[in-house]
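Throughout, a chain's letter reflects where its sequence line sits, starting with A, and its residues are numbered from 1.
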Number of protein chains: 2
Amino acid sequence: MESQIIVTVDVVLLTLSEGALKTVLLRRDNEPYAGQPALPGGYIHPGEDRDALAAAGRVLRQKTGLVSPYLEQLFTFSGGVRDPRGWSVSVAYYALVHESLLGPGPRHHFELAPVDALPDLPFDHNRIAAQAAQRLRDKSGYSALPCHLLPPAFTLRELQQTYELVLGSSLDKSVFRRRLGELDFLEAVPDAVRQGKHRPAQLYRLKPQARLALFNKTM
Amino acid sequence: MESQIIVTVDVVLLTLSEGALKTVLLRRDNEPYAGQPALPGGYIHPGEDRDALAAAGRVLRQKTGLVSPYLEQLFTFSGGVRDPRGWSVSVAYYALVHESLLGPGPRHHFELAPVDALPDLPFDHNRIAAQAAQRLRDKSGYSALPCHLLPPAFTLRELQQTYELVLGSSLDKSVFRRRLGELDFLEAVPDAVRQGKHRPAQLYRLKPQARLALFNKTM
DNA sequence: GAAATAGTGTCTGTAAGACATTATAGG
DNA sequence: CCTATAATGTCTTACAGACACTATTTC
């Protein structure tokens, strides 16, 4: 029969924690692989979900309690062998949040694992997570994407450190700030500074519409 | 019920013809929208298709007779309103071919329409085609993608003209060739030149493995 | 005022862009 | 030998990268 295809969404929820890129894993409630840690995922509910993006948002909300961070379609994984229940399609998304959104203290329903050293996950979740990390790293090379790994307001130093962690290389402060100035997707938060042990730093936030500013490409 | 979801693939088959980017449209055999021009598409066959990519290749082969040109996943479109039959998921792909692959003379089963002036298409096929064209144009800015719009062997001038058509801007010959030299994804075809009215030009082809060379990005 | 971080300025080498020159074919 | 295209070379300027310097806070 044509339409006995399993249709799900999976979400790779990424954050920076302890200086590394990590992803949220949940212990599965249901078979298959019940009890094992896996990416948050679930069936699309045709009666409830407007589209797959909405389904991903709902799954994330129901399973982790988080509401609509940055959420973007990653890739669609499919085939006859990736799910023991049968031929399946999973529309995968990736989300970026600041660690503080995950709540303080010990995790309740979920755990964080470094994307570069994940345990063996069910289905093709290792592939999905690896591809999400790759996408984030690629896109961070030419866009403002890493901003979404920070809280709503942040200092330029924090932003630079975020880029450095994601890209895995160090950047020159002066060059970095020149770029930001040219692109004009940040605005200073009026009268807001971060206090530290020394000179306070101006806080910045993303400009309202500029959710994904792009840098210059060549050719 | 959860799983009464329609699962299809659609293919945006792009080519350069008469100096413009065009896409292949087919008259639909079946309802809904039977008889109307639309993107090549069809159900996934779980018993037959290894995954959605294979399904896209099969659909393309069965409906246009073309075998495996450049074929890449574009985006997955989904929702309750895009298909009158019900909640649906379409995994969309885009393919690039040289016009000569489409066969000479008047088209038999299909027609070519400019992506920038498409008629009203069924489903959300206008959105899908627009997104495919956008992806090609974006990626052409920093990759070797436009090579796949040419025949297997081509001159540097033809390659430059292809880039110019896709990008919609003119490029400097000297700069263009410097870039190609740095990236090293082309090789000269030995003893092969294109004869014209004047000095013959060396023919080039993609190096075996280098299907998608990337240019430099910043940050 | 010492130390540390924030923020800006200056210099230099490299490479992009614009243009010129040489090379090779046909008429 | 003229013209058209192929292919390569030269020059100038803009900018990336490296580094220095100034500013502002705490202790």
Hey, are the side chains of Leu136(B) and Leu14(B) touching, using non-hydrogen atoms and a 4.5 Å cut-off?
yes

Could you tell me the separation between the [atom1] atom of [X] and the [atom2] atom of [N], rounded to a whole number of Å?
{"X": "Glu164(B)", "N": "dG17(C)", "atom1": "CD", "atom2": "C1'", "answer": "14 Å"}
{"X": "Phe176(B)", "N": "dA18(C)", "atom1": "CZ", "atom2": "P", "answer": "15 Å"}
{"X": "Arg177(A)", "N": "dT10(C)", "atom1": "CZ", "atom2": "P", "answer": "17 Å"}
{"X": "Lys173(B)", "N": "dT21(C)", "atom1": "NZ", "atom2": "C1'", "answer": "11 Å"}
{"X": "Arg157(A)", "N": "dA23(D)", "atom1": "CZ", "atom2": "P", "answer": "20 Å"}
{"X": "Leu180(B)", "N": "dA6(D)", "atom1": "CG", "atom2": "P", "answer": "14 Å"}
{"X": "Gln160(A)", "N": "dG17(D)", "atom1": "CD", "atom2": "P", "answer": "12 Å"}
{"X": "Leu171(A)", "N": "dC19(D)", "atom1": "CG", "atom2": "P", "answer": "15 Å"}

Within the 3.5 Å criterion, strictly below it, is a donor on Arg58(A) or Gln62(A) matched to an acceptor on the partner's side chain?
yes

Just checking, any donor-acceptor pair under 3.5 angstrom between side chains of Glu72(A) and Tyr94(A)?
yes

State whether Arg194(A) places a side-chain N or O below 4.0 Å from either non-bridging phosphate oxygen (OP1 or OP2) of dT24(D).
no

Trace of the side-chain contact (heavy atoms from CB on, under 4.5 Å) decision for Ile128(A) with Leu39(A)
CA-CA 9 Å; Ile128(A) 298 177; Leu39(A) 296 177; 3.9 Å; yes

Checking contacts here: which listed nucleotide (dA16(C), dC19(C), dA18(D)) is nearest the side-chain heavy atoms of Asp172(B)?
dC19(C)

Closest to the side chain of Ser174(B), out of dC19(C), dT8(C), dA18(D), is dC19(C)

For Thr155(A), answer base if it contacts any base atom (sugar-phosphate contacts may also be present), sugar-phosphate if it contacts only those atoms, and nothing otherwise; contact means non-hydrogen atoms under 4.0 Å.
nothing

Under 4.0 Å, heavy atoms only, any strand: does Arg178(A) hit a base, just the sugar-phosphate, or nothing?
base

Which residues, if any, of residues 195-205 of chain A bring a heavy atom under 4.0 Å of DNA chain C?
His198(A), Arg199(A), Pro200(A), Ala201(A), Gln202(A)

Which pairs, with at least one residue in residues 149-178 of chain B and sequence neighbours excluded, count as a salt bridge (charged side-chain N to carboxylate O under 4.0 Å, His left out)?
Glu158(B)-Arg194(B)

Please evaluate residues Leu13(A) and Leu102(A) with respect to the criterion side-chain contact (heavy atoms from CB on, under 4.5 Å), reporting the C-alpha separation (whole Å), side-chain torsions for both, the decisive distance (0.1 Å), and the verdict.
CA-CA 10 Å; Leu13(A) 178 53; Leu102(A) 299 179; 4.3 Å; yes

Residues passing the salt bridge (charged side-chain N to carboxylate O under 4.0 Å, His left out) test with Asp51(B), sequence neighbours excluded, are none

